[in-house]
Amino acid sequence: MSVLSLAPTSDSEATGQVSMSQMFEKARAAQKEFEETADQALVDAAVRALGQVVYNRAEELAQMAVDESGMGVYTDKVAKCKGKSKTIWNSLKGKKSVGIIEVDEAAGIIKVAKPKGVVGAVTPVTNPVVTPLCNSMFALKGKNAIIITPHPRAAKVNKYVIDLFRAELKKLGLPEDLIQTVERPSLDITKQVMQNADVVVATGGAAMVKAAYASGKPAFGVGPGNVPVIVDRGIDYDRAAADIIAGRMFDNGIICSGEQSLIAPKDDFDQIIRAFEKNGAFYIEDPEQVQKFADTIFPDGGAISRDVVGQSVQQIAAMAGVEVPQDTKIILLKARGVGREDVLCKEKMCPVMVAIPYDTFDEAMSIARSNLFYEGKGHTAAIHSANDENIRRVGEVLPVSRVVVNQPSSTGAGGNLMNGFSPTTTLGCGSWGNNSISENLNFTHLINVSQIGLRNEGPIPTDEAIWAE
């Protein structure tokens with residue numbers, strides 16, 4: 001995606017209905033009313049309502065997303081709508097976000113939550129329902145308003161979702177303009193939203209995220225994924241293969257936290273490949289066929305082809321001119337090197353992986369590190385292991401913000417009911433990925449916190465006590 005134009009856009013071009021300035025006037029008026037009148041119970045009722053409407057209409061919204069974007073899998077999008085809505089709400093309910101949210105008597109600190117104002121949020125074509133849902137739930141939890149700019153290829157379903165949200169707000173007696181969307185998105189309009197918002201959440205391509213950080217406003221962005229998954233020795237290879245395939249094939253591989261490279265022990269490599277084949281993978285080691293997939297996915301040897309993103313195994317194989325069984329779940333290619341030695345070691349937003357053998361566990365981590373430094377550093381790594389020491393070593397050594405253990409990475413890294421990651425659709429990649437956070441975005445990133453520091457009336461430690469070893 002190209003860098004945003006610096007040319008101004010007229011008000012009449014902004015949304016097709018109202019001007020950009022009018023949108024922000026409405027947002028600020030709605031946010032002011034919300035901040036001044038809503039208590040914690042009403043805030044939580046609004047957040048819950050957003051999640052529940054997506055949960056209840058998951059099938060309809062999933063079909064709309066597939067039809068308009070031309071990407072992904074209907075059943076997986078249903079699961080995503082239901083899963084994200086309930087896990088996000090489950091993580092938010094009961095948490096204080098209004099007024100005094102914490103009293104630390106020992107430290108003499110009282111913390112008070114305050115809104116950031118109007119959130120400007122950018123939505124990718126790969127997640128046109130759950131990303132607006134997530135950002136809207138987080139924004140309202142902090143008593144903010146939000147203006148969403150969708151991807152042009154998913155503008156219709158985005159508008160439909162936002163209209164559902166606004167209807168839920170109206171039922172609660174809250175101002176509908178707490179949530180608005182741009183109906184005719186463009187790069188220049190997206191830039192205007194970023195520049196006028198009080199805080200920006202950018203989920204999308206690298207250029208869009210870079211523009212968010214250049215907007216002059218506080219911003220939370222993401223980096224590209226490229227998840228290496230290490231299979232340790234002596235585990236249940238069938239179970240690991242099933243989990244990894246489930247993660248790689250989910251929604252036709254468009255999830256940024258999806259598994260990308262299988263790093264498996266050389267002495268058990270054939271056994272592990274058989275486990276993958278048993279669970280639906282089609283393994284290809286013929287150099288000519290591997291090259292066909294490389295040319296199809298990365299036609300210029302660099303950027304991924306838009307034609308393969310979110311497409312099925314059968315479609316991609318047909319593009320490559322390679323026959324695969326009709327029931328194939330993922331394509332597993334023999335890697336021709338590690339890191340920059342093989343373009344297939346980059347992120348592939350489709351149900352394709354590469355397989356790389358290793359001798360020692362140190363070599364496995366070195367391979368993972370090489371692939372991450374090629375693309376995806378700061379994002380996520382995965383490991384299937386029964387060795388606690390090796391699991392911890394991965395977390396200590398690899399330049400990633402999260403390590404997913406013994407579960408599908410694509411559906412685990414963004415948080416679910418099976419792990420402790422904060423449920424989100426925005427996965428920070430830290431300074432490795434040029435991001436401001438190295439954790440999963442949640443509502444706490446969209447509030448300001450005032451601290452009241454009480455005078456310590458207790459004994460003050462002496463200098464000798466402070467410097468004592």
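Residue numbers start at 1 and run along the sequence shown. These numbers were taken from a predicted model, which means no experiment stands behind them.
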Exercise. For Asp232, check side-chain contact (heavy atoms from CB on, under 4.5 Å) against everything at least two apart and list the hits.
Key: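 Asp232 satisfies side-chain contact (heavy atoms from CB on, under 4.5 Å) with Tyr358, Phe361, Ser385, Asn387, Asn390 once adjacent residues are dropped.
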What pairs of residues pass the ring pair (Phe, Tyr, Trp, His ring centres under 6.0 Å) test when at least one of them lies in [range], not counting sequence neighbours?
range	answer
residues 198-246	Phe220-His445
residues 382-403	none
residues 52-97	none

Taking distance alone, no hydrogens or angles, what donor-acceptor pairs closer than 3.5 Å link side-chain atoms of residues 427-434 to residues at least two apart or in another chain?
none

Any luck finding a side-chain donor-acceptor pair between [X] and [Y] under 3.5 Å?
X	Y	result
Gln315	Ser312	yes
Ser450	Lys114	yes
Gln260	Asn371	no

Quiz item: Does the Thr328 side chain pair with the main chain of Ala281, one donor and one acceptor, at a distance under 3.5 Å?
Solution: no
Table please: side-chain donor-acceptor pairs of residues 241-249 below 3.5 Å, with sequence neighbours left out.
| residue | atom | partner | partner atom | Å |
| --- | --- | --- | --- | --- |
| Arg248 | NE | Glu259 | O | 2.5 |
| Arg248 | NH1 | Lys348 | O | 2.9 |
| Arg248 | NH1 | Cys350 | O | 2.3 |
| Arg248 | NH1 | Val352 | O | 3.2 |
| Arg248 | NH2 | Gly253 | O | 3.2 |

Partner residues of [X] under the salt bridge (charged side-chain N to carboxylate O under 4.0 Å, His left out) criterion, sequence neighbours left out:
X	answer
Glu60	Arg57
Lys84	none
Asp76	none
Lys266	Asp359

Exercise. Run the salt-bridge test on Lys77 and Asp251 with the 4.0 Å N-O cut-off and return the result as yes or no.
Key: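 Salt bridge flag = yes for Asp251 with Lys77.
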Quiz item: In Å, rounded to the nearest 0.5 Å, how long is the span from CD1 of Ile297 to CG of Leu333?
Solution: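 The distance works out to 6.5 Å.
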Exercise. Calculate, to the nearest 0.5 Å, the distance between atoms CD1 and SG belonging to Ile88 and Cys134 respectively.
Key: 4.0 Å
Let me check something: any side-chain donor-acceptor pairs from residues 119-127 under 3.5 Å, sequence neighbours excluded? List them with distances.
| residue | atom | partner | partner atom | Å |
| --- | --- | --- | --- | --- |
| Asn127 | OD1 | Lys80 | NZ | 2.8 |

Quiz item: So which pairs with a foot in residues 277-288 pass salt bridge (charged side-chain N to carboxylate O under 4.0 Å, His left out), sequence neighbours left out?
Solution: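 Those involving residues 277-288 are Asp238-Lys278.
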Practice problem: Decide if atom NZ of Lys156 counts as having more than 12 heavy atoms of other residues, nucleotides or ligands within a radius under 6.0 Å. | Solution: no
